[in-house]
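Given the structure is predicted, the values throughout are model-derived calculations rather than measurements.
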Amino acid sequence: MTFWSRFFIPTLKESPADAEIASHKLLVRAGLVRKLSGGLYTFMPLGLRVMQKLTQICREEMNAASAIELWMPHVHPVENWQEGPRWAAAREIMFRVDSAGDGRRSSREPEFVLGPTHEEVITPLVKSEITSYRDLPKNFYQIATKFRNEIRPRYGLMRAREFVMMDAYSFDVNDEAAVKSYFGMKAAYESFFRRLGILAIAVEADTGVMGGSFSHEFMVPAEVGDDDIIYCEESGYAANREKATSALVPAEFVDPAAEEAVTAFDTPGVVTIAALAEAPYSLPPSKQFKTLIYIGDGKPFVVILRGNDELEEAKLGQLGFSVFRPATPEEILPVMGAKPGSLGAVRGTIANPGALAGIFADHAVRLIGNGTTGANRDGVHLRNVNVKRDLAIERFGDFRKVHAGEPCPKSGRPLKSRRGIEVGHIFKLGTKYSEKYGATYTDDQKQTHLMVMGCYGIGISRTLQAIIEQSHDADGIIWPWQVAPFHVLICVLDPQVTEAMDLALSLAAEAERHGAEVLIDDRSERPGVKFKDADLIGLPLRLTIGGKGLKEGVVEMKPRTAKEALKVPLADASARLAATIKDLSSASRT
RNA sequence: CGGGGUGUAGCUUAGCCUGGUAGAGCGCCUGGUUUGGGACCAGGAGGUCGCGAGUUCGAAUCUCGCCGCCCCGACCA
């Protein structure tokens, strides 16, 4: 048992000025964390206890899924990254470590970097340690600090520069086995989040800079989340909006027939879809082609969308460029022959088609028949443009941003959307890393093969905050039993009264016999202060021992979620406490 | 990095527009009265007003520069 007066829980009456959302305010007010700097937080004693609960549950679930714990350095030689497949894309979020202390001049490239994740360390390790199919499959994990120089840290622990993550890496003999590992981890994640007592749903996700073939994110539904989840209750389809598709173009769709020849018309000063939709042109956005120019690995390429659609930039990842960005007007002019606003991809109108790395179009442009696009001459557009007949499209793909209300790709019913906090992510990586680092094994036919990898992450510290975001009320945090920093709070209103303190100690011992961790509030504060703090730190069960109750021969028992306290006669207190602990500790396991 | 906001005691802040003694509440310390939902009284400590220039007789206040922090966007667990 722990005594509040000898522990350290610095609670705050008022919310810190720099906290915006409920969970961030409560983290600080309940004394769980203190800020050092943007995105950098100290875990205070109470917050550390929650972190330890989370890591332990995570460890148990990973072990149960046959993953093996190890511990890798956080400082990585930069060579590991330079030799890897994503240095160009990842370097901007990495902290560099130069030999600041030894008086040497700093070099253009760092000697070391702080690890944002560990594919670049584990893959070379496995390459040198595992060479036989007999040693596969293997799945290694660690629960450790990660460093990412986030462009914009946000909302306390939600997006921090330094955070605690469980990261796991699986190695299999072939694709089929890797898929098995992948779904084994997906199941482990599901049981991890279930044990925490919070709702986290798996959604299909984009693979991003990580690469690989497919991926799921685990999302805690919350308004403050960074991600949009697109889902359908009918079919169970759920995806991050970056990845979501819709059945906007039916499978049996027949492209509209071309009516008339392409003709040019003057549009002086018109450079936006919206302007072309106005009189005198009055061309609805859905009948216009939107022609965007991007630079992929240094070379321009074209993406065509419907005028009323938006580009989902993450979906450009499927094109295989390691880095891409929108082109500037200066880059566009020599290639296309016009400035943005008059661009198009009609055959023969592009000034320098040889400079392009490709012309790609979203499937939905097929819905446009006899549409309008730029002529690649400033102030001129073309009408009666048809996808098949006129546009120099090399490849169709899914590039548009999906919105709620569009038909579900599985059921055809209208899709819905909600916000979510990404607390976990799993990737089937394939051979992207094993190829780069030469992680191979020999099979029973003496043949050499690449290992097939998967990688897996859970944001432990982010999960901590997501729990608070999902489980709190106006008075404070409501901890699920499994992750609560303590389970039972015994409020002794008159700690100087021996009889009261003795009772507290014996009930605390009883609670501990039943597996509960007890915090005794023995501070010489007024009752109001104790009750407010009790609600704020949100332990699942509160016992109150006060002069009033003792006179009546009762103690009060109040689960954090209950409205009223229950008066329990002293004679029944032990039994009642044991029963309540049993109830509460099993309730949140469902 | 682009846009917006903000910086005054440990915390929450007033004062800034219109330059002239830096104020309050919480918290902290001392004493007293209290004691079942953030008590009251009396006394006290605590401030380079983010940093640096400038304007001025005089700058928290006006001007310029820099820095930190927060929010929106791109990115992520």
Taking for each residue the nucleotide of RNA chain B with the nearest heavy atom, is it A/Phe163 or A/Ser37 whose nucleotide lies nearer the 5' end?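 Here A/Ser37 is the residue nearer the 5' end.
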Please compare A/Glu150 and A/Phe531 by the position of their nearest nucleotide in RNA chain B and report the one closer to 5'.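 In this pair, the answer is A/Phe531.
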Quick one: are the ring centres of A/Tyr456 and A/Tyr141 less than 6.0 Å apart?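 No, ring centres 6.0 Å or more apart.
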Aromatic ring proximity A/Phe427/A/His425, centre distance under 6.0 Å: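 Yes - the distance between ring centres of A/Phe427 and A/His425 falls below the 6.0 Å cut-off.
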Counting only side-chain nitrogens and oxygens, does [X] get under 4.0 Å of the OP1 or OP2 atom of [N]?
X	N	value
A/Lys13	B/G27	yes
A/Arg526	B/A39	yes
A/Arg152	B/C72	yes
A/Lys35	B/C70	yes
A/Tyr155	B/C76	no

For [X] and [N], what is the distance between atoms [atom1] and [atom2] respectively, to the nearest whole Å?
X	N	atom1	atom2	result
A/Glu564	B/G37	CD	P	13 Å
A/Leu536	B/G37	CG	C1'	13 Å
A/Leu550	B/U35	CG	C1'	15 Å
A/Asp226	B/C72	CG	P	8 Å
A/Ile421	B/A77	CD1	P	15 Å
A/Lys558	B/G37	NZ	C1'	11 Å
A/Asp521	B/G36	CG	C1'	13 Å
A/Met158	B/C72	CE	P	11 Å

Can you see whether A/Glu119 engages A/Thr117 through a side-chain donor-acceptor pair at a distance of less than 3.5 angstrom?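 Checked: A/Glu119/A/Thr117 side chains pair up, N/O donor to acceptor below 3.5 Å.
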Can you name the ring-ring contact (aromatic ring centres under 6.0 Å, His included) partners of A/Phe301, sequence neighbours left out?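 By the ring-ring contact (aromatic ring centres under 6.0 Å, His included) rule, A/Phe301 matches A/Phe321, A/Phe360.
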Quick one: the side chain of A/Asp227 and the base of B/C76, do they pair up donor-acceptor inside 3.5 Å?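 For A/Asp227, whose side chain was compared with the base of B/C76, there is a donor-acceptor pair (under 3.5 Å).
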Just to be sure I understand the rule, does [X] reach a base, reach only the sugar-phosphate, or reach nothing, if contact means heavy atoms closer than 4.0 Å?
X	value
A/Arg34	nothing
A/Val423	sugar-phosphate
A/Arg542	base
A/Gly457	sugar-phosphate
A/Asp167	nothing
A/Arg154	sugar-phosphate
A/Ala160	base
A/Asp494	nothing
A/Met219	nothing

Is the number of heavy atoms from other residues, nucleotides or ligands under 6.0 Å of A/Gln318 CD greater than 12?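 It does: A/Gln318 CD has more than 12 such atoms within range.
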Nearest to the [X] side chain among [options], which nucleotide is it?
X	options	value
A/Val529	B/A77, B/A39, B/C69	B/A39
A/Glu242	B/G36, B/C71, B/C75	B/C75
A/Glu422	B/C76, B/C69, B/G36	B/C76

What orientation do A/Trp87 and A/Trp81 show, parallel under 30°, tilted 30 to 60°, or perpendicular over 60°?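 Geometry flag for A/Trp81 against A/Trp87: tilted rings.
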Tell me, for nucleotides 6-16 of chain B in 5' to 3' order, what letter each nucleotide earns: B for a base near a protein heavy atom under 4.0 Å, S for only sugar-phosphate near one, - for neither? ------SS---
Between B/C64 and B/C71, how far apart are the two C1' atoms, rounded to whole Å?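 The answer is 26 Å between these two C1' atoms.
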Scan the side chains in residues 27-34 of chain A for donor-acceptor partners under 3.5 Å anywhere in the protein, sequence neighbours excluded, and list what turns up.
unit_1	atom_1	unit_2	atom_2	d
A/Arg29	NE	A/Leu12	O	3.0
A/Arg29	NH2	A/Lys13	O	3.4
A/Arg34	NH1	A/Val28	O	2.8
A/Arg34	NH2	A/Pro10	O	2.7

Salt bridge check, A/Glu120 against A/Arg86: does any charged N sit closer than 4.0 Å to a carboxylate O?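 A/Glu120 and A/Arg86: salt-bridged.
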On the six-membered ring of A/Phe486, is A/Arg49 placed so that its NZ or CZ lies under 6.0 angstrom from the centre and within 45° of the ring axis?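 Yes - A/Arg49 lies over the ring of A/Phe486, closer than 6.0 Å to its centre and within 45° of its axis.
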